[in-house]
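Computed from heavy atoms alone, side chains included, the values below leave out hydrogens, waters and symmetry copies. Both ligands and their constituent atoms are indexed starting at 1 by order of listing. Computed from a prediction, not measured in an experiment: that's the story for all the values here.
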Amino acid sequence: MESRSLAAAGVSTSSASVCPRSATSTSSSTSSFRTILSVTRKNSLQLLRVPPASTRSLSSISSHFLQSNTPFRSASENSTFGRCSERTYFRVLTVRAAMFDQLTNSLEEAWTKLRKEDVLTRENIKEPMRDIRRALLEADVSLPVVRSFVKNVTEKAIGSGVIKGVRPDQQLVKVVNDELVKLMGGEAAEIDYAKTKPTVILMAGLQGVGKTTACGKLALYLKKKGKKCMMVATDIYRPAAIDQLVTLGKQVDVPVFEAGNQIKPAEIAKLGLAEARKKSVDVVIVDTAGRLQVDKGMMDELKQMKKVLNPTEVLLVVDAMTGQEAAALVSAFNLEIGITGAILTKLDGDSRGGAALSVKEVSGKPIKFVGQGETMEALELFYPDRLAGRILGMGDVLSFVEKAEEVMLQEDAEELQKKIMEAKFDFNDFLKQTRALARMGPMNRVMGMLPGMGKVSAEQIREAEKSLKIVESMINSMTPKERANPELLAQSPSRRRRVALGSGRSQEQVSQMVSQLFQMRARMKNLMSVMQGGSIPGLDNLEQSLKGARKAPPGTAKRKKIRTELQSKYAAAQVAGASPKGFGAR
Ligand SMILES: Nc1nc2c(ncn2[C@@H]2O[C@H](COP(=O)(O)OP(=O)(O)OP(=O)(O)O)[C@@H](O)[C@H]2O)c(=O)[nH]1
């Protein structure tokens with residue numbers, strides 16, 4: 001591999017695998033995006049677009065990779081892509097696979113070892129527990145935390161006894177999930193507000209961890225909750241720090257108090273607080289200077305600020321990429337100055353999760369928020385249960401449901417469920433669903449939240465988006481009657497021909513779409529009945545019916561009836577299992 005630029009100018013986004021040689025073009029980028037090589041989960045190469053090299057940090061590039069569903073970790077969040085040779089960059093990509101995924105995969109392996117067991121015993125749990133221990137250590141969770149976690153899980157899993165209808169592997173997943181949630185603090189910890197305003201939030205942290213960015217994000221978060229906010233710039237040491245906060249303030253439309261860099265931070269904080277009181281501000285967020293390491297100067301300064309401000313919250317901003325070190329830092333800061341919680345940043349750029357898992361246990365202080373990107377919107381309240389779900393590969397179901405609720409009215413949802421159960425899902429419903437889905441954001445994010453969908457590739461998502469567009473164009477060419485009664489199209493080739501002409505698609509595509517709607521009806525009905533506690537028709541029902549048929553005497557009407565039912569159930573199950581691709585897929 002040459003160390004010359006791997007960037008190929010002006011090549012559009014593609015996930016096609018390429019050989020390294022074919023992408024070692026040295027021409028410079030003429031478009032605002034560059035295409036470079038990345039390494040997919042299976043270590044095959046991908047072409048990806050990234051922002052202009054000179055202006056973006058590695059961590060910002062990493063979030064781009066993540067948006068493209070590609071595992072990636074940057075070497076150092078402070079180095080820029082421009083300064084880092086492509087050779088290094090390439091190596092960084094190869095060596096550092098997505099560890100968060102790694103944790104999920106390793107845990108999955110642990111469950112599968114229990115598939116053939118009937119009961120959880122001290123003996124058969126040993127190997128999966130060893131896998132869990134290794135997985136957590138590889139995810140950079142601190143050793144004492146891992147030890148007590150493994151001990152608790154083992155005891156609870158064996159002690160839980162046999163639960164009817166629950167397999168041992170499922171039982172272990174449940175125990176691990178509960179313990180993970182507990183480990184991370186259980187409940188989400190919101191901001192505590194002062195009884196009399198303003199609530200003061202003092203932000204602390206080492207250099208470059210994302211403190212200033214977190215101030216802006218937090219201001220926006222609180223503003224959206226209806227709070228009148230103000231930020232105070234006290235980092236008088238880093239030349240551009242004050243300007244950076246002022247710029248962020250403009251971006252989120254929150255005023256920033258600054259008094260230059262000639263007076264002491266504690267003095268600025270005092271003036272800022274007086275100003276906030278005068279303006280009847282609800283929340284004051286105070287940005288402070290970072291240091292390369294924990295040193296006495298910084299701690300003393302923070303202590304002084306604390307004395308002056310009497311803050312309700314002292315939040316330590318820590319970088320998730322530092323793994324268990326982040327937890328140790330939270331502990332150190334807590335002992336020294338007393339903090340109320342942590343903000344874990346760059347969770348998008350790092351998938352190891354060690355920090356998220358260790359902070360509460362090691363320091364006793366909760367993670368209150370997580371930063372998952374450089375944009376001002378990329379701050380979320382930290383939900384231990386949701387993260388546990390994500391780690392265990394269950395998807396962020398709650399976030400998904402919440403988002404879905406935002407875009408879908410309850411009546412619509414109930415109506416839809418009824419239609420699905422009655423197998424009456426039509427093209428109108430389909431359009432409604434795709435539009436609701438579009439309102440939930442880019443498909444890759446939505447898919448990531450769904451259980452079992454985490455492994456859908458960027459290419460598959462792009463394909464799905466493309467076929468949704470095609471389907472939408474065909475539905476738009478249907479009459480209202482046809483949309484509500486797909487049977488009309490199924491029965492009439494001339495109607496299908498008209499739709500094909502109207503949408504500029506082939507007749508074959510229209511026929512395929514109609515048949516897929518019927519397949520989808522059957523599949524959805526099956527899925528709903530499984531989700532509502534039923535079982536997959538064609539499997540255990542089939543077995544039961546078979547038993548019934550065997551019992552009925554041959555040639556009798558009862559036996560005939562059972563046989564006919566059996567055949568139709570079997571056909572439905574076949575349909576349900578048919579077509580591995582989604583609706584509208586070619
Ligand atoms: N990917 C990603 N990048 C982030 C996140 N938070 C901050 N950054 C980036 O990290 C870099 C440093 O962020 P700053 O907010 O300047 O860090 P700081 O702690 O204020 O730095 P000092 O003032 O030097 O102590 C910037 O490039 C940010 O855009 C995050 O959650 N995800």
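Counting heavy atoms only, G208 comes closest to atom 12 (C) of ligand 1 of the residues C215, G371, G208.
Those atoms of ligand 1 with a heavy atom of G290 less than 4.0 angstrom away are 25 (O). Taking every heavy atom of T213 and a limit of under 4.0 angstrom, the matching atoms of ligand 1 come to 7 (C), 13 (O), 14 (P), 15 (O), 28 (C). Residue contact check: T212 has heavy atoms under 4.0 Å from atoms 15 (O), 18 (P), 20 (O), 23 (O) of ligand 1. Interface atoms of ligand 1 facing Q244, defined by a heavy-atom separation under 4.0 Å, are 14 (P), 15 (O), 16 (O). In summary, the atoms of ligand 1 found under 4.0 Å from a heavy atom of Q372, numbered by their order in the structure, are 31 (O). Near K217, with a cut-off below 4.0 Å to any heavy atom, the atoms of ligand 1 are 5 (C), 6 (N), 30 (C), 31 (O). Close approach to D235 involves these atoms of ligand 1, each under 4.0 Å from a residue heavy atom: 23 (O).
Residue-to-ligand polar distances keep T345 apart from ligand 1: every N/O pair is separated by 3.5 Å or more. In terms of N/O distances under 3.5 Å, ligand 1 is not approached by A289. Residue G373 places at least one N or O, backbone or side chain, under 3.5 Å from an N or O of ligand 1. Residue V209 has at least one nitrogen or oxygen atom sitting less than 3.5 Å from a nitrogen or oxygen atom of ligand 1, judged on distance alone.
Side-chain contact annotation: R238 with Q207, donor-acceptor N/O pair under 3.5 Å absent. Side-chain atoms of T212 and D287 form a donor-acceptor pair, as typed in the model, at a separation below 3.5 Å.
Rounding to the nearest 0.5 angstrom, the gap separating the CD1 atom in I201 from the OG1 atom in T199 is 7.0 Å. If you take NZ on K365 and CD1 on I339, they are separated by 7.0 Å, rounding to the nearest 0.5 Å. The distance from the CG atom of L136 to the CG atom of D131 is 11.0 Å, given to the nearest 0.5 Å.
At a heavy-atom cutoff of 4.0 Å, ligand 1 is contacted by both the backbone and the side chain of Q207. Using a 4.0 Å cut-off between heavy atoms, V317 makes no contact with ligand 1 at all. Of all the heavy atoms of M321, none lies under 4.0 Å from any atom of ligand 1, so neither backbone nor side chain is involved.
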As a quick check of understanding, evaluate side-chain contact (heavy atoms from CB on, under 4.5 Å) for L344 and F382, giving each step before the final call. CA-CA 9 Å; L344 195 61; F382 179 64; 5.7 Å; no
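Ion pairing between E301 and K264 fails under the 4.0 Å rule for side-chain N and carboxylate O. Classification of K225 and E190 as a salt-bridged pair holds, one side-chain N sitting under 4.0 Å from a carboxylate O. A salt bridge is defined here as a Lys NZ or Arg NE, NH1 or NH2 lying under 4.0 Å from an Asp or Glu carboxylate O, and R134 with E138 fails to meet this definition.
Note on ligand 1: G205 sits outside its first shell, no heavy atom being nearer than 4.0 Å.
Two residues are said to be in side-chain contact when any heavy atoms from C-beta on lie closer than 4.5 Å; M298 and L302 meet this criterion.
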